[in-house]
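One structure is given here, and the rest of the page talks about it.
Chain A is the first sequence line, chain B the second, and so forth, proteins listed ahead of strands; every chain is numbered from 1. These numbers come from a predicted model, not from an experiment.
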Number of protein chains: 2
Amino acid sequence: MALTDDAIAKIRSMISSGELPPGARLPPEPQLAAQMGLSRSGVREAVKVLESARVLDVRRGDGTYVTSLAPRLLLEGLGVAVELLRGDTLLEVMEVRRMLEPVATGLAALRMTDAQLEELGQILADMRAAADDAEKLIQFDTAFHHTVIAATGNETLTSLLDGLSGRTLRARVWRGLIEGNAAHKTIDEHHAIYLALRSRDQLLAQASALMHVNTSEAWLRTVLAATAET
Amino acid sequence: MALTDDAIAKIRSMISSGELPPGARLPPEPQLAAQMGLSRSGVREAVKVLESARVLDVRRGDGTYVTSLAPRLLLEGLGVAVELLRGDTLLEVMEVRRMLEPVATGLAALRMTDAQLEELGQILADMRAAADDAEKLIQFDTAFHHTVIAATGNETLTSLLDGLSGRTLRARVWRGLIEGNAAHKTIDEHHAIYLALRSRDQLLAQASALMHVNTSEAWLRTVLAATAET
DNA sequence: GGGCGGCAAACGTCGGACGTATCTATAGTG
DNA sequence: CACTATAGATACGTCCGACGTTTGCCGCCC
């Protein structure tokens, strides 16, 4: 494993050292191969790994470049990782959300702009209108929480929570909610969060977010228990 | 990009669907290539990507297997991602720690066992004894926080916070601490956290952890400002 | 000045070859 | 019978060379 992994480490080190800043262009693959003492095949594997980690951007026919290294890119991988977590560890993920999301929502109450509140109200209305379409509900739910967290202005936090709230996880929770006729109640919870944010009430925002995550966790337990029986 | 990325998606989907459970063995590369309609080179790139994400475990001379998919493996990539974050976004990371670590430490106060407390006391003693060795301080600091968070029993949370407290980030903070003659004060903060945990006092643990993260953040700001001038 | 076409550069994919590590089954030995 | 040593098969690691396709750019033409 030495050669290819060494190449990965070398490229990564050139980036973190500043030798290859964001936007920089790497030498062509054959030249890079010679420079690092391995074949083009090995370089391609290394580049592919860094591309999948959103560290490099490979443009066919053009060249290979370092990305912006923005957190939204580098933390994208968290989402795919969470998608592969199994059964009980999903409850661990939910516990993390339970710890993080209320505090973050409280912070959002202090920082949210009027325009963002407006947008949030629209999403809430959309959600109410889609109360019988699971697919749309999941979509608006994702947008709602993303908008709230993004209002903190912390892109790292936003990407992290986006990743923790993977699509599969959300889908499972909403499946439980709908089958348990609890979708309406959950939409009301979103409304409570919205009202707290609108009042710029940090503590209330925090509390309402905690109750909401708690509901999600409860339904996830239900769904997981039902799945385990089968 | 279609072929190799398709292969990655296919393998990942076979895993998340349960067709390839943890520990399962994949077909040999040539066979896998034929099965997915591309050359062995392409398969190797796909496998390499999943190996770097700790989804697959490639054993030379033997075969390729699905890992345990434990969160400690899948979230390992978060650490390397954080290592590549630049300047100001490190403050965002610190803000996330500021939100998450106190709550997690409070939870640890409720769940920590006597044996874990004992271990924590030992690490604290080691830290005091190494008060003039930056390298060791960083090492014991890492062990201290890892032990505290691990006491929550939530492996996902532990891996997440481990990743957020990357080695480079820690090194920068401690460099500031030592140059600013604040190492001793910081060790006292660790002691305060230890005492709170020992008293099983959730709120006090939470508060002491917040003060500690706050100190780290302040010194990180100092170091970043000094770096920016140069 | 702007649009069009062709050339060169660079990545995408393929096929085959050979080296090396690992596992296993077999034969041998005490 | 149990254990060891060895030979073969299996599978990944690395390299090389070739060709297709895409993209960017520059010069030509209108």
- dC12(D) P sits how many Å from Leu3(A) CG, rounded? 18 Å

- Message: Can you say whether a donor on the side chain of Arg60(A) sits under 3.5 Å from an acceptor on the base of dG24(D), or the other way round?
- Response: no

- Please report, rounded to the nearest Å, how far the P atom of dT24(C) is from the CZ atom of Arg59(B). 11 Å

- Task: Report the relative orientation of the aromatic rings in Phe144(A) and His190(A); use parallel for angles under 30°, tilted for 30 to 60°, perpendicular for over 60°.
- Result: perpendicular

- Query: Which comes earlier along DNA chain C counting from the 5' end, the contact point of Pro30(A) or that of Ser41(B), where each point is its nearest nucleotide?
  - Reply: Pro30(A)

- Counting only distance, no hydrogens or angles, is the base of dG12(C) paired donor-acceptor with the side chain of Arg40(A) under 3.5 Å? yes

- Item | Rounded distance in Å - CG (Leu26(B)) to C1' (dA11(D)) | 13 Å

- Message: Using the side-chain heavy atoms of Thr4(B), tell me which of these nucleotides is nearest: dT13(C), dG12(C), dT20(C).
- Response: dT13(C)

- Please figure out whether Glu45(A) or Gly61(A) has its closest DNA chain D nucleotide nearer the 5' end. Glu45(A)

- Item | Upstream residue (5' side of DNA chain D) when Pro27(B) and Gly37(A) are each assigned their closest nucleotide | Pro27(B)

- Item | Among Val66(A), Val58(A), Ile15(A), Leu56(A), the one residue meeting side chain to side chain contact (heavy atoms under 4.5 Å, CB included) with Leu50(A) | Leu56(A)

- Item | Salt-bridge criterion met for Glu83(A) and Arg170(A) (N-O under 4.0 Å) | no

- Whole-Å distance between dG15(C) P and Leu38(B) CG? 10 Å

- Around atom CZ of Arg59(A), are there more than 12 heavy atoms of other residues, nucleotides or ligands at under 6.0 Å? yes

- Message: If you only use heavy atoms from C-beta on, which nucleotide in dC12(D), dT21(D), dA10(C) is closest to the side chain of Thr64(B)?
- Response: dC12(D)

- With a non-hydrogen cut-off below 4.0 angstrom, is Gly63(B) in contact with a base, only sugar-phosphate, or nothing? sugar-phosphate

- Query: Atom CG of Asp5(B) to atom C1' of dT13(C): distance rounded to whole Å?
  - Reply: 13 Å

- Item | Rounded distance in Å - CZ (Arg25(A)) to C1' (dC11(C)) | 11 Å

- Separation of atom NZ in Lys48(A) from atom C1' in dC11(C), rounded to whole Å: 11 Å

- Query: Taking CZ from Arg44(A) and C1' from dG17(D), how many angstroms apart are they, rounded to a whole number?
  - Reply: 15 Å

- Output the single nucleotide from dC12(D), dC14(C), dT22(C) whose closest atom is nearest the side chain of Asp62(B). dT22(C)

- Verify the neighbour count for atom CZ of Arg128(A): are there more than 12 heavy atoms of other residues, nucleotides or ligands below 6.0 Å? yes

